[in-house]
Trainee: 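Sending over a structure as structure tokens; questions will come in a sec.
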Amino acid sequence: VAVKGESERFAQFVAERERSLQRTGWLLTGDWALAEDLVQTALVRAWPHWEGIRRRDDPEIYVRRVMVNTWLGWRRRKWRGERASDRMPDNPAPGDMAAEVTARVAVRAALGALTDRQRTVVVLRVFDDLTEVQAAAVLGCSVGTVKSTMARALAKLREDPALAGVMEREVR
Amino acid sequence: VSGVEGQLRDLMEAAVGEPPRRVTVAAVRRRVIRRRIVECVSGAVVIAVLAGVGVALAATLSGGRVSSADGPGPAGLPRYYVQVPAGPNRSALIVRSTATGAVTARMNSPVPGGHLIGARVAAAEAQTYFVAWAKVGPGSSGTITDSRIYRFKLTRTGRIGENAPVTGGALGAEQVGGITASADGSLIAVTESAGHPATPDVVVINTRTGRHSVWQDDPAPDGMALLDIGDLVLARDGTELGFDTTVHCPKGVGNNCHNGNQVRTITPATAGGELASSQVAFRQSELTGADTGYINDALLSPDGSAVDLTAIHSPNPASQATHILVLQVAVGQGQQPVVLYDMNTGNGMFYRSFSTDPTGAFPLVDFGPSGATRNGWIDDGKLVPLTPANGSGFFYETW
């Protein structure tokens, strides 16, 4: 059971990192509600063991590992296909310009075309800026696997026509 | 990092945007504490009431009803329900058909730049609803500059009919959390807080005269403090207002002061006063022997005779199976609760929304296994699914 000092450290961690964790969650799930659920689930699992986690591990790596494993578990479940069947009307944020919407659609579609493991590696390496060693620690695999998975994912993304179009515009 | 990876990172940054809601440590702790405490609570209560599920439900929920000529489902089942969609702004509501899930109407905030800060909608009879729209000042602080309550009514085809500000509904810089309405809509009650005080005020508004009755958490002689105010329910005739809260008795337990989760009532017709003078309708300890950590939401039924509540329970700590229960407890009867619905969510769960229609006959829920919540209403111990089948696209719903 975490003691008071750990409680404060945990609160500080949540306050400082929840935004980043949710953004990673969105890239994994493509859905803000699921991203919030994913982060909350990971933190609920981490909190009772926080002191031990902090002493022997990098807490952020640990939480991201729980997030990734939880998400992969959701993907494996047979009722993962039970999603909203009726489309929600578009509800763009103020300042949600066409370019941002285009990028969002393109990124979500391109990541969705990857395998779950490829998607995870791309998000961890490119967006979260983890090293290959850290990504391997999150995924529980070897550095070599991270490298090869990343290479295959990038090759697939380069071939993605929607993503290529957006990238060209961005470069210009 | 290669050029491609750099471009990809920029694109991801542009695509992600900002999370619409914060994940707070308080929410995480509540889930952890609930899990811990319910593991200690004896499963006997739940086991005992599980035996009576079918019989009690038939009497409670579906007795005497006939099929509706308007479509599938029992008579009285609302034809439409209202959702607060997920998203960064909460600047609109949508209306869906109960039968098909089709979106029949979308209503943007009538207040320019308005948001649904509390993400709650109160339902009165005849598919009339009350909602508080808030204007937020510039900058990242998110300070509320103006809150205003509106009443809207649905047409027979699920479109937005009347939509107008409520008399007495201009609340200035107050942040509205919970909101409830009497059946005829003549009274509404809200929790409001400016500057996030520990306990919000409860304000009862007469929508005909605009008169306010304010109930505050002033220090009571016995030191009783209400640590929060959760769900609000006005009785159908407006004679009673129930709210769930957590009571703290720093000077010891007394006649009116008992620690823990409770549903308490006040008489809204009076001029207002201290929340500490409210009466206890139901205490969690009557149900489980524990003071806190079991009840998620608790709604006084519109006739004041019962409390409908949701609870999260792990009957067997070894299996880590989690159950979400919807229970009904008769007020002041000392009877066993009736289990309206029991869902085994496996290891872990996510809880999104619980509400009822103005009659209290049709509990509307969205909860379930993590990542796969079920959206539906409870009928005879079963969850009747609605479309969409899960709630990943909304924060709250009611009908």
Side-chain angles (χ1 to χ4, degrees), chain A residues 7 10-11 14-15 18-19 21-23 25-27 29 31-41 43-45 47-48 70-71 74 77 79-80 82-89 91 93-94 96 99-100 103-108 122-123 125-127 129 154 157-158 163 166-167 170-171, chain B residues 1-29 31-32 35-36 83 85-92 94 96 100-103 106 113 348-350 352 369-375 387-395:
Chain A
S7 175
F10 180 74
V14 173
E18 61 89 20
R19 173 180 171 273
L21 294 171
Q22 281 206 78
R23 281 156 59 91
W26 185 87
L27 285 168
T29 64
D31 181 294
W32 279 121
L34 286 179
E36 181 186 349
D37 187 6
L38 189 59
V39 172
Q40 211 178 82
T41 300
L43 291 171
V44 165
R45 288 182 184 166
W47 160 234
T70 303
W71 177 66
W74 291 352
R77 286 185 188 174
W79 25 262
R80 77 184 197 212
E82 188 182 297
R83 299 293 304 276
S85 60
D86 201 356
R87 291 176 67 82
M88 192 70 69
N91 186 20
D96 198 359
E100 290 175 27
R104 187 169 304 149
V105 171
V107 166
R108 188 151 54 182
V122 168
V123 171
R125 288 279 293 122
V126 177
F127 185 72
D129 207 19
L154 286 178
L157 291 174
R158 280 195 195 95
L163 201 58
V166 180
M167 279 186 173
E170 292 285 312
V171 171
Chain B
V1 175
S2 70
V4 174
E5 288 174 50
Q7 287 180 50
L8 196 52
R9 179 183 299 159
D10 292 343
L11 265 183
M12 285 177 165
E13 281 287 349
V16 167
E18 289 299 314
R21 295 203 300 189
R22 303 285 307 272
V23 171
T24 64
V25 72
V28 173
R29 277 181 183 148
R31 272 178 70 167
V32 172
R35 205 166 177 172
R36 226 180 253 161
Q83 289 185 327
N89 298 314
R90 281 182 260 169
S91 58
I94 60 170
R96 288 185 185 275
T100 67
V103 176
R106 173 191 169 90
M349 57 87 202
F350 193 72
R352 183 173 279 109
S370 293
T373 61
R374 312 292 174 87
N375 181 34
T387 303
N390 79 20
S392 62
F394 66 88
F395 286 129

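Quick note on labels: first sequence line is chain A, next is B, and so on, each numbered from 1. Computed from a predicted structure; not experimentally measured.
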Trainee: For residues B:V16 and A:W32, report the shortest heavy-atom separation together with the two atoms involved.
Mentor: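 Between these two residues, the closest heavy atoms are O-CZ2, 3.0 Å.
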Trainee: So what's closer than 4.5 Å to chain B heavy atoms on A:V126: side chain, backbone, both or neither?
Mentor: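 Both backbone and side chain.
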Trainee: Which atoms form the tightest heavy-atom contact between B:R9 and A:R125, and what is the distance?
Mentor: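 Closest approach of B:R9 to A:R125, heavy atoms only: NH2-O, 4.4 Å.
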Trainee: Do you know which of A:W71, A:W26, A:F10 has the most heavy-atom pairs with chain B at a distance under 4.5 angstrom?
Mentor: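 Option with the greatest count: A:W26.
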Trainee: Does any non-hydrogen side-chain atom of A:L21 lie less than 4.5 Å from one of B:V23?
Mentor: no
Trainee: Please name all residues satisfying salt bridge (Lys or Arg N to Asp or Glu O under 4.0 Å) with B:R352, sequence neighbours left out, ordered by chain then number.
Mentor: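 Partners of B:R352 under the salt bridge (Lys or Arg N to Asp or Glu O under 4.0 Å) test: B:D366.
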Trainee: Can you name the closest pair of heavy atoms from A:R104 and B:A14 and give their distance?
Mentor: NH2-O, 4.4 Å
Trainee: Excluding sequence neighbours, so at least two apart, what forms side chain to side chain donor-acceptor pair (under 3.5 Å) with A:E18?
Mentor: A:Q22, B:R22
Trainee: Can you tell me how far the CD atom of B:Q7 sits from the CG atom of A:L157, to the nearest 0.5 Å?
Mentor: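 One finds 12.0 Å between CD of B:Q7 and CG of A:L157.
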